[in-house]
2 protein chains.
Amino acid sequence: MATTVEYRQMLRGAALRVTRPRVAVLGAVHAHPHADTDSIISAVRRDVPKVSHQAVYDSLRALTDAGLVRRIQPAGSVARYEARVGDNHHHIVCRSCGAIADADCAAGEAPCMTASDDSGFAIDEAEVIYWGLCPACSTVPTSPSANLAQPWREHHV
Amino acid sequence: MATTVEYRQMLRGAALRVTRPRVAVLGAVHAHPHADTDSIISAVRRDVPKVSHQAVYDSLRALTDAGLVRRIQPAGSVARYEARVGDNHHHIVCRSCGAIADADCAAGEAPCMTASDDSGFAIDEAEVIYWGLCPACSTVPTSPSANLAQPWREHHV
DNA sequence: TGCAAACACTTGACTCGTTCAAGAAAACGA
DNA sequence: TCGTTTTCTTGAACGAGTCAAGTGTTTGCA
């Protein structure tokens with residue numbers, strides 16, 4: 001967990017203007033890994049009550065483009081953000097409740113980076129998503145498809 | 001490329017009722033790999049001019065649930081469908097134009113199936129998406145982010 | 001410190017893929 | 001062929017995300 005001062009430095013270091021919404025968004029993403037935009041908006045408004053949703057969308061885009069946060073979006077989910085960047089780690093997603101956990105790939109540094117046939121593409125990233133059931137959902141005998149594609153919120157906290 | 005008769009048998013084999021929309025949707029997915037729903041609707045209407053979009057959505061869901069087609073959805077894209085199922089192959093997506101190509105994973109049969117730390121999840125699938133530039137986009141010096149997240153259509157055909 | 005230019009934020013409307021719901025039509029086992 | 005069940009049609013609705021115009025902040029520089 002970083003301090004406000006550090007967030008400001010991170011913004012400066014990325015050649016981004018330092019504004020209250022951006023500092024708050026950066027803090028929210030650090031505090032709530034894998035949170036969706038709506039959760040981030042709520043978190044930001046605890047700091048800056050009157051921010052518009054647009055400001056949060058804009059900030060998230062700026063931070064993502066600058067590489068300060070990473071955007072992930074498993075199929076059927078809305079966009080989610082995390083502050084752990086630069087290590088090309090992967091994610092495990094629960095098919096039932098949507099919980100997300102981090103995973104370092106078994107293959108090591110640059111996992112699965114080379115496809116056996118790249119069809120002439122210049123590949124720069126390999127994104128891996130493991131699908132399954134989280135500990136809670138794999139024990140509880142609920143219909144696995146029941147709450148699929150629900151607006152998952154903060155399940156992982 | 002299969003025949004109408006074969007599509008009907010595939011539906012029967014999956015315990016699905018055989019209807020004109022479903023046969024046409026199954027045919028369209030076979031004919032246009034990685035097509036989005038809108039493209040599939042257009043293709044289906046060449047066969048069955050008056051199908052509703054809802055019928056196509058319903059058919060695609062039924063076919064997906066039955067395992068006759070596979071749904072993929074790279075981040076920032078709408079849902080896409082393909083008929084190549086059961087072999088756990090992966091995809092290469094162009095960041096610029098959205099073209100999609102198939103890729104057998106370098107790791108072989110069940111690629112990257114085991115995360116180094118599964119956080120207690122019961123993993124049943126590893127989905128890999130390679131991101132990069134397709135042959136056309138990597139030679140043409142256009143802004144790579146220009147048409148990102150566009151409604152890509154039939155680029156791959 | 002003050003100014004100007006560039007950039008970010010607010011507000012509110014809007015897009016578009018997808019889903020919901022009610023009734024009509026079609027498929028299929030008996 | 002009949003009746004039940006499932007699917008299709010029609011039309012409205014939802015929601016994440018974007019667009020656009022105008023106002024407010026930030027920051028480099030005098």
Side-chain angles (χ1 to χ4, degrees), chain A residues 7-9 11-26 35-42 44-45 47-66 71-81 98 145-153, chain B residues 7-9 11-26 35-42 44-45 47-66 71-81 98 145-153:
Chain A
Y7 294 139
R8 302 176 78 90
Q9 291 175 339
L11 289 167
R12 277 261 160 61
L16 293 176
R17 289 196 174 179
V18 178
T19 66
R20 291 210 66 194
R22 285 182 177 177
V23 174
V25 168
L26 190 50
D36 58 29
T37 308
D38 220 51
S39 302
I40 293 171
I41 290 174
S42 302
V44 168
R45 285 190 174 147
D47 265 321
V48 193
K50 307 187 92 94
V51 269
S52 61
H53 69 136
Q54 191 61 257
V56 176
Y57 273 101
D58 287 349
S59 297
L60 285 170
R61 166 165 301 195
L63 295 174
T64 304
D65 291 348
R71 176 189 169 123
I72 59 176
Q73 192 171 19
S77 167
V78 298
R80 289 158 178 283
Y81 296 87
S145 61
N147 32 0
L148 196 61
Q150 291 283 336
W152 315 315
R153 296 238 184 137
Chain B
Y7 294 139
R8 302 176 77 90
Q9 290 174 339
L11 289 167
R12 277 262 160 61
L16 293 177
R17 288 195 175 181
V18 177
T19 67
R20 292 210 67 195
R22 285 181 176 178
V23 174
V25 167
L26 190 50
D36 58 30
T37 309
D38 219 52
S39 302
I40 293 172
I41 291 174
S42 302
V44 168
R45 285 191 173 147
D47 266 321
V48 194
K50 308 188 93 93
V51 269
S52 61
H53 69 135
Q54 190 61 254
V56 175
Y57 273 99
D58 287 349
S59 297
L60 284 170
R61 165 165 300 196
L63 294 175
T64 303
D65 290 348
R71 176 188 169 126
I72 59 176
Q73 192 170 18
S77 167
V78 297
R80 290 157 178 283
Y81 296 88
S145 61
N147 31 1
L148 198 61
Q150 291 284 336
W152 315 316
R153 294 236 186 138

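Remember, it's a predicted structure, so these values are computed and weren't measured experimentally. These values consider heavy atoms only, across backbone and side chains, with no hydrogens, waters or symmetry-generated copies. A, B, ... follow the sequence lines: proteins, then strands. Residue 1 opens every chain.
Open room surrounds CZ on B:R8; 12 or fewer heavy atoms of other groups in view lie less than 6.0 Å from it.
At distances below 3.5 Å, at least one donor-acceptor pair connects side-chain atoms of B:S59 with backbone N or O atoms of B:A55. When atom types are taken as modelled, the side chain of B:R22 and the backbone of B:R17 share a donor-acceptor pair closer than 3.5 angstrom.
Across every non-hydrogen atom of B:R80 and B:P74, the tightest pair is CD-CD, 4.5 Å. Heavy atoms only, all atoms of each residue included: A:G76 and B:Q73 are closest at N-OE1, 3.3 Å.
Residues B:L16 and B:L63 form a side-chain contact, since some pair of their non-hydrogen atoms from C-beta on lies under 4.5 Å apart. Residues A:V78 and A:T37 form no side-chain contact, since every pair of their non-hydrogen atoms from C-beta on lies 4.5 Å or further apart. Put simply, the side chain of A:L11 does not reach to within 4.5 Å of the side chain of A:T19, judged on heavy atoms. Side-chain contact between A:V25 and A:L60: present, with at least one pair of heavy atoms (C-beta onward) separated by less than 4.5 Å. Residues B:H53 and B:Y57 form a side-chain contact, since some pair of their non-hydrogen atoms from C-beta on lies under 4.5 Å apart. Under the 4.5 Å side-chain criterion, counting only non-hydrogen atoms from C-beta, A:Y7 is not in contact with A:V18.
Between C:dA8 and A:R20, no contact under 4.0 Å exists linking OP1 or OP2 to a side-chain N or O. Applying the 4.0 Å criterion to OP1 and OP2 of C:dA8, one finds that A:S59 has every side-chain N and O outside that range.
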Under-3.5 Å N/O pairs linking protein and nucleotides 11-14 of chain D:
none

Please enumerate all protein N or O atoms sitting under 3.5 Å from an N or O of nucleotides 28-30 of chain C, with distances to 0.1 Å.
{"unit_1": "C:dC28", "atom_1": "OP1", "unit_2": "B:V18", "atom_2": "N", "d": "3.0"}

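Distance CZ (A:R80) to C1' (D:dG17): 15 Å, rounded to an integer number of Å. In this structure, B:I40 places its CD1 atom 10 Å from P of C:dT18, rounding to the nearest Å. The separation between A:L11 atom CG and C:dA8 atom C1' is 13 Å, rounded to whole Å. Whole-Å rounding puts the B:K50 NZ to C:dA24 P distance at 19 Å. The CD1 atom of B:I41 sits 14 Å away from the P atom of C:dC16 (whole-angstrom rounding). Atom CG in B:D58 sits about 14 Å away from atom C1' in C:dA22, given to the nearest Å. The interatomic distance linking A:R61 (CZ) with C:dC9 (P) rounds to 14 Å, in whole Å. Atom OH of A:Y81 is separated from atom C1' of D:dA16 by 10 Å (rounded to the nearest Å).
Distance check: A:I72 CD1 to A:T64 OG1 gives 11.0 Å after rounding to the nearest 0.5 Å.
Across all strands shown, A:R22 has heavy atoms under 4.0 Å from sugar-phosphate atoms exclusively, and none from any base. Looking at heavy-atom distances under 4.0 Å, A:A62 makes no contact with the nucleic acid at all.
Rounded to 10°, the helix from C:dT1-D:dA30 to C:dA30-D:dT1 has 40° between the axis fitted to its first five pairs and the one fitted to its last five.
Ranked by how close their nearest DNA chain C nucleotide is to the 5' end, B:Q73 and A:A55 are led by A:A55.
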